[in-house]
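The figures that follow rest on heavy atoms only: side chains count, while hydrogens, waters and symmetry mates do not. All ligand and atom numbering here is 1-based and tracks the order in the structure. Each residue takes its place number in the sequence, starting with 1.
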Amino acid sequence: IKRLDETVVNRIAAGEVIQRPANAVKEMIENCLDAGSTCITVSLKSGGLKLLQISDNGHGIRKEDMEIVCERFTTSKLKEFDDLKSIATFGFRGEALASISHVAHLTITTRTKDSKCAYKASYLDSKLKGAVRPTAGNIGTQITVEDLFYNVPTRRKAFKSASEEHQKIADVMTRYALHNSGKSFTLRKMDQDVSAGVSVRTQLGSTHVTNIGTLFGSNVGKEVIQVDHFDPQLHLKVGINGYVTNANCSIKRFLFLLFINNRLVECTVLKKALDSLYQTYLPKGGHPFVYLSLEMPANNLDVNVHPTKHEVHFLHEGTVVESVEKQVEAALLSCDSSRTFYMQKLLPTANTETTQKPTTTSKDKVHAQLKICNAHNNSNDLTPDDPVSHDPKSHDPKSHDSMSQDPKSHDSMSHDPKSHDSMSHDRKSHDPKSHDPMSHDPKSHDSKSHDPKSHDSKSLTAAGLPRRRQIQLTSVLQLSEEVKEKSHKELCKVLHDHTFVGCVEPELALIQHETKLHLVNTGNLSEELFYQTLLKDFGNFAIYRLSVCCFYVSLTLLSGEILSEPDGSKENLANYIVNFLGGKAEMLNDYFCIDITKVGHISGIPMLLKGYSPPLEGLPLFVMRLATEVDWEEEKACFNSVCREIARFFAIPQLCLNVGCTNCWNICFKIEVYKATILFLNVGYTNFKFSLLVPTSMVDNGTFLQLANLPDLYKVFERC
Ligand code: ADP
Ligand code: MG
């Protein structure tokens, strides 16, 4: 037996500590962190085999320590063996630099904050080579390692690919960069090829979440959830911190980053436990990203297990692993409700138009339906008036003038003088401040705006188009305000951002919003849309002239048609309605563009939605309800109920599902419904997007019904 030469011993030992460039980098990063650095830059050539340079801005090495810094078992971090129990630095063995100097050419340039200049020294086999020379340099340390394993040819040959070594270094850097978020880490590739450049970079002051996104990809970054637990009751006193991906994210390889008391370590038991935990949540073949930092009392931990310190032993391993597993699972479950799913883009072969206008097929059907309709009804029942032609007529200066100038005649028009006064057409009253609905000042009817001249000249724009009237009735403004107040934000959003899918029934449509599919009642929505349009464009509608004589039907007849026998004398009631509405004719015409002739003919209705005409079957009922259901006593209530009645008449009729209901299953009626729906679908759904405020009452009245939610479906698929 012969005693080995010291250089041989050291070289053998060096081979243990520095197995490959990545080990050297890890050791040196730890030294930088021990020195309190906040900026660490690593530069590599040939994966660190040719050149490996690490610079930091830490406290540096004093000149007097430079002589022995690379000798084996020289350290500034440990004095007694018992210090190991409470060791807080990464290094303590004083072996790293010594080992590197045995297998590479090592140069250190360093400067402490008290030193006037930096000092540079080279080392070989842990001994100083030459003198320590003063040089220029910043506070901190720069260690240059060249020609790693130059004197261990077998080891050198074992490294087949420089890029593999680079990757391993990048891996170590990435892990330290994440764990030490807030400090800046940079890895540079100095090779003179296309791959040169920065491969890892984190910024000073960045957070863990930002760094996860930067280092591991945004798909991981946006799906991480925090694990943060410390149970002081736990006899182990283990703090569990970190970030793990939720069940939305599944990656090909299990990315497991474990730090125990800030040391990058491996723990196979914990890794296996977590991987199997995620199998329950992730699709087959998918893996998570898990970054955990455990803190435990130093005396529970044995760090001196392996020369590279990549393995540690700790007491109560089983309990700790179980506790970590529990915390990760709790975090996973807590975020289950917020799982999001990203929709696949349309396949290139799919026709985009089909999705944007999914009604194409239903439209084709509609054409067929419309033809049937036309056979039953003349489709030219309605002819929209040119708004210009409407305006002068509905605001006939003469009639208007005479009405407003003669308070008596004005009163005589109204069924109940008081009620009419309360809804005076006085334009002054359009000013919310001055408006007093109950004021009864006949002079006020002589408002400027009723002056025929001003009406004529000011009602047309330079282009000859009717000027929009400024209606500022307090009551109308209040009603509009109420609509806003009562709107349901989430449903408004659903409607605003929806994609129309198609119709199930004429009045039931499917729309998609984000990952949810809703069944919406177009009938209800259309009614609300018309109501809100009436308030918004109050007094500013174009008119539809009922041009076909069959619609110049007297109110008597129309009302008579729908009054059943037991209601008393049909004719009396009909006459009453004619007289009553006759008294309201001017107001109905002025504000709502409903034209009622003196003999009781209806000759015009407002155009609320361009391109849509209401189902005229509803006209008799509308007229009757106008006389009987409207509150004609109080201004606000009156406008509200008139608007509601018009909206009801314009809305797509609801087909009740009762097969016995002769009304709804009457073929003509059904055709009318289809006709109205189709007209509405063409123009209505875009209007929903832009202008409809969904009232809160629609949350539970069956207007919106959520049919499916992709995350729920996904859960079912997963179980399968
Ligand atoms: P250890 O880290 O176990 O003490 P090393 O061989 O890694 O042993 O380092 C030896 C000594 O060199 C350290 O104790 C430290 O005082 C000093 N040192 C090494 N690298 C740096 C650095 N980047 N900044 C300041 N001091 C350093
Ligand atoms: Mg060290």
Side-chain angles (χ1 to χ4, degrees), residues 10-11 13-19 21-43 52-81 83-84 86-115 118-128 132 135 137-145 148 172-173 176 180 183-186 261-265 298 303-310 312:
N10 284 333
R11 209 168 283 176
E16 253 175 30
V17 180
I18 310 297
Q19 293 163 353
N23 299 124
V25 171
K26 176 183 177 279
E27 288 295 334
M28 289 194 288
I29 289 177
E30 287 183 346
N31 281 346
C32 300
L33 293 169
D34 280 343
S37 318
T38 52
C39 277
I40 300 170
T41 307
V42 176
S43 306
L52 195 168
Q53 191 173 62
I54 178 161
S55 318
D56 67 46
N57 62 349
H59 57 52
I61 304 168
R62 290 182 305 169
K63 187 183 175 232
E64 39 293 22
D65 290 334
M66 291 212 35
E67 205 171 312
I68 57 157
V69 69
C70 282
E71 281 181 24
R72 206 159 168 221
F73 307 126
T74 55
T75 177
S76 56
K77 302 164 191 172
L78 185 79
K79 280 185 187 137
E80 316 266 310
F81 184 76
D83 291 350
L84 265 186
S86 55
I87 192 88
T89 52
F90 291 105
F92 53 84
R93 296 166 65 111
E95 272 188 316
L97 291 185
S99 302
I100 295 169
S101 76
H102 278 281
V103 289
H105 300 294
L106 184 84
T107 308
I108 300 178
T109 309
T110 185
R111 182 181 162 190
T112 58
K113 71 173 190 316
D114 304 320
S115 170
Y119 291 94
K120 187 174 183 175
S122 296
Y123 301 83
L124 190 69
D125 292 337
S126 70
K127 297 279 181 303
L128 192 63
V132 178
T135 181
N138 295 328
I139 295 174
T141 309
Q142 184 183 70
I143 299 180
T144 311
V145 178
L148 196 59
V172 170
M173 282 284 281
Y176 274 94
N180 296 282
K183 294 178 179 167
S184 132
F185 283 73
T186 310
N261 290 7
N262 297 320
R263 282 171 204 285
L264 176 64
V265 292
V303 287
N304 192 20
V305 181
H306 197 275
T308 61
K309 291 167 270 166
H310 81 271
V312 287

query = Of the options Leu33, Asn180, Asn57, Asp56, which is the one that meets Thr38 in a side chain to side chain contact (heavy atoms under 4.5 Å, CB included)?
reply =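 Among Leu33, Asn180, Asn57, Asp56, the one that satisfies the side chain to side chain contact (heavy atoms under 4.5 Å, CB included) with Thr38 is Asn57.
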Residue of the set Thr141, Asn31, Ile40 for which side chain to side chain contact (heavy atoms under 4.5 Å, CB included) holds with Ile54 =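 In the set Thr141, Asn31, Ile40, the residue that makes a side chain to side chain contact (heavy atoms under 4.5 Å, CB included) with Ile54 is Ile40.
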[X] N/O under 3.5 Å from ligand 1 N/O:
X: Asp34; answer: no
X: Leu97; answer: yes
X: Ile61; answer: no
X: Thr141; answer: yes
X: Asn31; answer: yes

How close do [X] and [Y] get, counting heavy atoms only, and between which atoms?
X: Val132; Y: Ala121; value: CG2-CB, 4.2 Å
X: Met66; Y: Leu128; value: O-CD1, 4.2 Å
X: Ser126; Y: His102; value: OG-NE2, 3.5 Å
X: Ala24; Y: Ile18; value: CA-CD1, 3.9 Å

key: Residue list, ring-ring contact (aromatic ring centres under 6.0 Å, His included) with His59, at least two apart or on another chain   =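 So His59 forms no ring-ring contact (aromatic ring centres under 6.0 Å, His included) with any residue.
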Non-neighbouring partners of Tyr176 that pass ring-ring contact (aromatic ring centres under 6.0 Å, His included), sequence neighbours left out =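 Checked Tyr176 against ring-ring contact (aromatic ring centres under 6.0 Å, His included); matches are Phe259.
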query = Could a heavy atom of Gly58 be found less than 4.0 Å from some atom of ligand 1?
reply =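 The answer is no: ligand 1 sits nowhere under 4.0 Å from a heavy atom of Gly58.
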query = Are any of the heavy atoms in Glu27 under 4.0 Å away from ligand 1?
reply =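 Heavy atoms of Glu27 never come under 4.0 Å of ligand 1.
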Options Asp65, Ile100, Val69, ranked by nearest heavy atom to atom 17 (C) of ligand 1, top entry =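 Among Asp65, Ile100, Val69, the closest heavy atom to atom 17 (C) of ligand 1 belongs to Val69.
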Mode of [X] contact toward ligand 1 - side chain, backbone, both, neither (heavy atoms, under 4.0 Å):
X: Ala35; result: side chain
X: Glu95; result: backbone
X: Asp56; result: side chain

ask   = Within the stated cut-off of 2.8 Å, is an N/O/S atom of Met28 closer than that to the Mg ion (ligand 2)?
value =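 Short answer: no, not a single N, O or S atom is under the cut-off.
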ask   = Just by distance, with hydrogens left out, do Gln53 and Thr144 show a side-chain donor and acceptor under 3.5 Å apart?
value =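 Yes, side-chain donor-acceptor contact under 3.5 Å.
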inquiry  = I need the atoms of ligand 1 closer than 4.0 Å to a non-hydrogen atom of Gly60, numbered in the order shown.
reply    =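 Per the distance check, 25 (C).
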Ligand-residue contact atoms, ligand 1 with Ala96, heavy atoms, under 4.0 Å =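 Once the distances to Ala96 are compared, the set is 6 (O), 7 (O).
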